[in-house]
Amino acid sequence: MKHKFFKVGAAAALTVTGVSAITSMKTVRAANFTAIKQVKISYLPGKSLNIWTNYENGRFMGYRAKDGTVWNVADTALDKKGNLWYKVGTREWIEARYTVDVTPGEKTQVSQAPTAKKTTTKKATKTVTTVNKKTAAVATKTETQKKAEKVAKVKKAKQIVNTAVKKTQNTTKTSSTQATSTAASIVALAKQQVGKNYVWGAEGPDSFDCSGLVQYVYQKAAGVNLPRTTYDQVKVGQTVSLDSLQPGDLVFWGSTTAPYHEAIYIGNNQYVNAATPEQGTILQTVSSYYQPTIAKRVL
């Protein structure tokens, strides 16, 4: 089965079910195509994003896009729930909420999905082959460098958010233990969901995705009807400094206008979130390496 993608780059940075490294795969070019944009996968650190056959009721294709890799976008579409999707191949789709736009002019290495290996084509364009070899050599970074870059980006985003908040607000920092009765109910119900499964698109009560968990807890514990997606939930409530978090606040990761993940802050530097299919719904501690970029107070 062949899958044509929209630009030749270095070997695809993907994971395939049951395979840790792709050694028997090759990429193919699609003719007469111009990408409308490029996006970078901004998923959970160390995790990979599923690639689907369609944006509506699609099937998992058996391979994934690694966090931090760059992809050409051929088309966009909205599913029935209003979620934005990007087309990255002839029939390959990824969820837009787990990506960030690549700045024009930024040096990137474009990733592609694999196809079953057949025969090696010797008549490859010399220019493309040369560029790919040079790009692959330059793009090689140590894990330490990658982690340092992520930490720097998170710190910069936090500084921007905090500066904007301080200019528009003059609030008094309150201890996280002094939660209102409503916030306490939200925290208690959020903790009760720990251990339940993560299922993309699930809204409870037995399984959740990240925004489905937030919507469920707020509706049941506080009677607050929030929108369904992270894109819309980040628009609700008052932006607060990450240094002034209170139990019940919502924290988001990624873009401050279109984040890819969120959680419920429960106090003591901890939060509850529907993390990944492997982790499920868990309680975690805020760390400097994986720190939220924006916070909202709905209550």
What do the steps show when you test V199 against D206 for side-chain contact (heavy atoms from CB on, under 4.5 Å), and what is the final call? CA-CA 10 Å; V199 176; D206 299 318; over 6 Å; no
Looking only at heavy atoms, the pair that brings P205 and K196 closest together is O-NZ, 2.7 Å
Atom NZ of K37 with >12 non-hydrogen neighbours under 6.0 angstrom: yes
With distance as the sole test, does N54 use its side chain to make a donor-acceptor pair with the main-chain N or O of N57 at under 3.5 Å? no
Does a side-chain heavy-atom distance below 4.5 Å link K66 with S48? yes
Which is it for V234 and E262 under the side-chain contact (heavy atoms from CB on, under 4.5 Å) test, yes or no, and what are the steps along the way? CA-CA 9 Å; V234 76; E262 66 176 309; over 6 Å; no
Is there side-chain contact between P259 and I294, with at least one heavy-atom pair below 4.5 Å? no
Atom CG in N197, atom CD in E278: separation rounded to 0.5 Å? 11.5 Å
So do the side chains of I41 and I94 get within less than 4.5 Å of each other, counting heavy atoms only? yes
Heavy-atom closest contact (A183 atom, P247 atom, distance): CB-O, 3.3 Å
Output yes when a side-chain donor or acceptor of E92 lies under 3.5 Å from a complementary backbone atom of T90, and no otherwise. yes
Cut-off 3.5 Å, side chains only: do K296 and T239 have a donor facing an acceptor? yes
Looking only at heavy atoms, the pair that brings G201 and D209 closest together is N-OD2, 2.9 Å
Contacts of type salt bridge (charged side-chain N to carboxylate O under 4.0 Å, His left out), residue K150, not counting sequence neighbours: D67
Could you please spell out the steps behind the side chain to side chain donor-acceptor pair (under 3.5 Å) verdict for E95 and N83? CA-CA 8 Å; E95 296 177 70; N83 297 316; 5.8 Å; no
Do L44 and V100 belong to the same hydrophobic cluster, where Ile, Leu, Val, Met, Phe, Trp and Tyr are linked whenever their side-chain heavy atoms lie under 4.5 Å apart, directly or via other members? no
For a quick test of reading the model, state the closest non-hydrogen atom pair linking Y265 to Q246 and the distance between them. CD2-O, 3.3 Å
Take atom OH of Y198 as the centre, draw a 6.0 Å sphere, and report whether it contains more than 12 heavy atoms from other residues, nucleotides or ligands. yes
Could you state the interatomic distance from CZ (R59) to CZ (R91), rounded to the nearest 0.5 Å? 6.0 Å
Between T281 and N273, is there a side-chain heavy-atom distance shorter than 4.5 Å? no
Set of residues satisfying salt bridge (charged side-chain N to carboxylate O under 4.0 Å, His left out) with respect to E203, sequence neighbours excluded: R228
Do Y271 and Q284 touch side chain to side chain, with heavy atoms closer than 4.5 Å? yes
For the residue pair V236 and P227, what are the closest heavy atoms and their distance? CG2-CD, 3.8 Å
Test your reading of the model: is there a side-chain donor-acceptor pair from T53 to the backbone of G58, 3.5 Å cut-off? no
Working to the nearest 0.5 Å, report the span between OG1 of T99 and NZ of K40. 11.5 Å
Is there a side-chain contact between V217 and F208, using heavy atoms and a 4.5 Å cut-off? no
side-chain contact (heavy atoms from CB on, under 4.5 Å), paired with Y218, selected from L189, L226, N225: L226
Return the minimal non-hydrogen interatomic distance between R297 and S244, and the atom names on each side. NH2-O, 2.8 Å
Would I282 end up clustered with W253 when hydrophobic side chains under 4.5 Å apart are linked, directly or stepwise? no
Decide if the gap between the ring center of Y98 and the ring center of W52 is smaller than 6.0 angstrom. no
For the hydrophobic clusters of this structure (ILVMFWY residues joined by side-chain heavy atoms under 4.5 Å, transitively), does one cluster hold both V286 and Y290? yes
Side chains of L49 and R64 in contact at under 4.5 Å (non-hydrogen atoms): no
Got a second to check how far Y216's OH is from I264's CD1, nearest 0.5 Å? 11.5 Å
Residues two or more places apart in sequence or in another chain: which of them pass salt bridge (charged side-chain N to carboxylate O under 4.0 Å, His left out) with K220? none
Could you walk me through whether K235 and D232 pass the side-chain contact (heavy atoms from CB on, under 4.5 Å) test, one step at a time? CA-CA 5 Å; K235 300 174 184 176; D232 293 325; 3.8 Å; yes
Same cluster or not: L283 versus F252, using hydrophobic residues (I, L, V, M, F, W, Y) connected whenever any side-chain heavy atoms lie under 4.5 Å apart? yes
Measuring from atom CD of E56 to atom CH2 of W93, what distance do you get when rounded to the nearest 0.5 angstrom? 10.5 Å
Would you call T229 and K81 a side-chain contact if the rule is heavy atoms closer than 4.5 Å? no
Gap between atom CG of L299 and atom CG of L250 - 0.5 Å precision: 8.5 Å
Verify same cluster id: V151, Y260 (apolar side-chain graph, 4.5 Å): yes
